[in-house]
Amino acid sequence: MIVRFGYVAMSTIVEKASPSRTMTVTSFNKLQDREAGLRKLERLAAENLHNSLRLLKHNRAHDIVVFRFSSKLIPLIGHESVEGWNPMPVLADDFKAVGDYVKQHQMRVSFHPDHFTVLSTPRESVLQSSIGDIERHTAMLEAMGLNTDAKSNIHIGGAYGDKVTASKRFVEHFALLRPEVRARLTLENDDKTFTALETLEVCEQVGVPMVLDIHHDEVNLSEQTSVELWPRILKTWEQDAPLPPKIHVSSPKNETNPRSHADYVDPVGLLAFMRGIAPFTPHLDVMIEAKMKDSALIQLVQDLINETDVEQIDEASISIKT
DNA sequence: ACCTGTCAAGTCTGG
DNA sequence: CCAGACTTGACAGGT
């Protein structure tokens, strides 16, 4: 099994390269000249895109081809204070430059709209802002000129006291999305509410790939283990072949905060999972969610190649012998 | 240069 | 009905 590793949004190695510079709503609203404020937001967005491209170049130097963009590339977008503002035309060249680099080096990129995007909600206003958020993430991937291999990953959402009803509502609301938007979504099990099995069942119903988070799975257990579920999870990726299935990995910060992310990734649990699925999984992409970002990625690969059944391919990928 | 309180959004719990 | 926790990088305002 060939395994490629990626990390999220920002680097702990490259300095002064934040992809999520912003402005508070309070300071935006304090400005007497709204248009000047919008131009400032556009400059911040361009800077965030420029820094994202710098990170991709850094990734290339370290053989890292899997990467998640920050969901805060365009500051304040979606907030009522900037209603009517469309920065996409002025940012078109910057988005295209990022997308061109991704395509040139055959990278796999994604977004992860944050937890305010909740399709299981019973509230119409929350649904509308969630759909708007997903639409904007789709628009950014389209502005990069990327095909539907570039996806946004979301969670099912809240349970509202009744998970079965909530997941049914998710399925109904999912059907409201445009087909082009649906084709760019993946669903991930969360750490509190929807387990891997429950998420998988929704994935099968709506026909989207499932991103398995093995840390979430450990703190929010399914009736079956992640390795037992894996054949079904693999099936959800078949429609996107040859795009490899993707998982998330992180380690608990400590015993009192088992759900929080630690600085680095403990290789033990990940190794056990990978060995379990390697015999029937040719390719796997692993997104590392650790505080130390790309440093944690490099450290994890170093830790893994000490194992006798692991071979290093390059700085950010390995193969596991079966 | 460095420190600290605050910050758009949603959900859940507890009062 | 409302406040606080959750969680996290970055701002804003201060020294």
Side-chain angles (χ1 to χ4, degrees), chain A residues 7-31 34 37-38 40-41 43-45 47-52 55 68-85 87 111-137 152 154-163 165-167 169-170 173 188-194 198 213 215-216 219-220 248 250-254 256-263 287-296:
Chain A
Y7 69 100
V8 178
M10 57 186 290
S11 171
T12 55
I13 298 169
V14 184
E15 295 182 350
K16 305 252 184 289
S18 170
S20 358
R21 293 209 54 200
T22 186
M23 186 193 255
T24 61
V25 170
T26 312
S27 62
F28 177 83
N29 286 335
K30 261 191 231 165
L31 298 170
R34 185 172 186 271
L38 294 177
K40 169 90 185 284
L41 293 175
R43 285 198 299 278
L44 285 170
E47 186 182 340
N48 290 338
L49 284 164
H50 175 70
N51 282 337
S52 296
L55 292 174
R68 182 200 299 166
F69 291 116
S70 164
S71 276
K72 298 183 174 74
L73 291 176
I74 305 177
L76 304 194
I77 190 79
H79 191 267
E80 57 173 10
S81 293
V82 296
E83 211 175 322
W85 172 53
F111 278 117
H112 194 350
D114 66 29
H115 62 283
F116 303 114
T117 294
V118 188
L119 287 182
S120 70
T121 185
R123 296 163 57 195
E124 183 63 21
S125 66
V126 174
L127 175 63
Q128 287 313 316
S129 59
S130 296
I131 291 174
D133 200 25
I134 295 168
E135 282 279 356
R136 283 189 296 274
H137 282 88
S152 295
I154 59 173
H155 295 286
I156 295 177
Y160 314 88
D162 180 353
K163 260 197 255 192
T165 303
S167 60
R169 203 161 42 225
F170 177 97
H173 291 165
E188 177 192 348
N189 57 309
D190 67 76
D191 58 353
K192 283 199 166 95
T193 311
F194 289 94
E198 290 161 348
D213 187 312
H215 179 194
H216 291 168
V219 294
N220 187 19
H248 288 179
S250 49
S251 296
K253 193 179 185 71
N254 49 48
T256 45
N257 295 304
R259 285 194 293 267
S260 298
H261 292 170
D263 290 356
M287 183 65 79
I288 293 169
E289 296 181 320
K291 288 260 192 291
M292 290 305 288
K293 310 289 178 184
D294 46 350
S295 302

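Residue numbering restarts at 1 for every chain, and letters A, B, ... go by the order of the sequence lines. As the structure is a computational prediction, the values presented were derived from the model and not from experiment.
C/dT8: no Watson-Crick or G-U partner with both key distances under 3.5 Å is found in any strand. Judged by Watson-Crick or G-U wobble contacts below 3.5 Å, the nucleotide B/dG15 has C/dC1 as its partner.
Checked against A/L119 for a side-chain contact (heavy atoms from CB on, under 4.5 Å), the options A/I156, A/V126, A/I134 give a single hit: A/I134.
Separation of the P atoms belonging to C/dT7 and B/dC3 is 25 Å when rounded to the nearest angstrom. C/dG9 sits 24 Å from B/dC12 when the C1' atoms are compared, rounded to a whole Å. B/dG10 and C/dA10 have their P atoms separated by 23 Å, with the value rounded to a whole Å.
Stacking between A/F116 and B/dA9 is present: the aromatic ring centre lies within less than 5.5 angstrom of the base six-membered ring centre, and the two planes differ by under 30 degrees.
Taking the six-membered ring where tryptophan is involved, the planes of A/H137 and A/F111 are perpendicular, since the angle between them exceeds 60° and thus also 30°.
A/T26 comes within 4.0 angstrom of sugar-phosphate atoms only, judged by non-hydrogen atoms across all strands, and of no base. In this structure, A/T193 reaches neither bases nor backbone, as no heavy-atom distance under 4.0 Å exists between it and the strands shown. Note on A/I77: a base of the nucleic acid sits closer than 4.0 angstrom, heavy atoms only.
Although no hydrogens or angles enter the test, the distance criterion places no donor-acceptor pair under 3.5 Å between the side chain of A/H50 and the main chain of A/A17. Using modelled atom types, one side-chain atom of A/N51 and one backbone atom of A/S18 make a donor-acceptor pair closer than 3.5 Å.
For C/dC6, neither phosphate oxygen OP1 nor OP2 lies less than 4.0 angstrom from any side-chain nitrogen or oxygen of A/R259.
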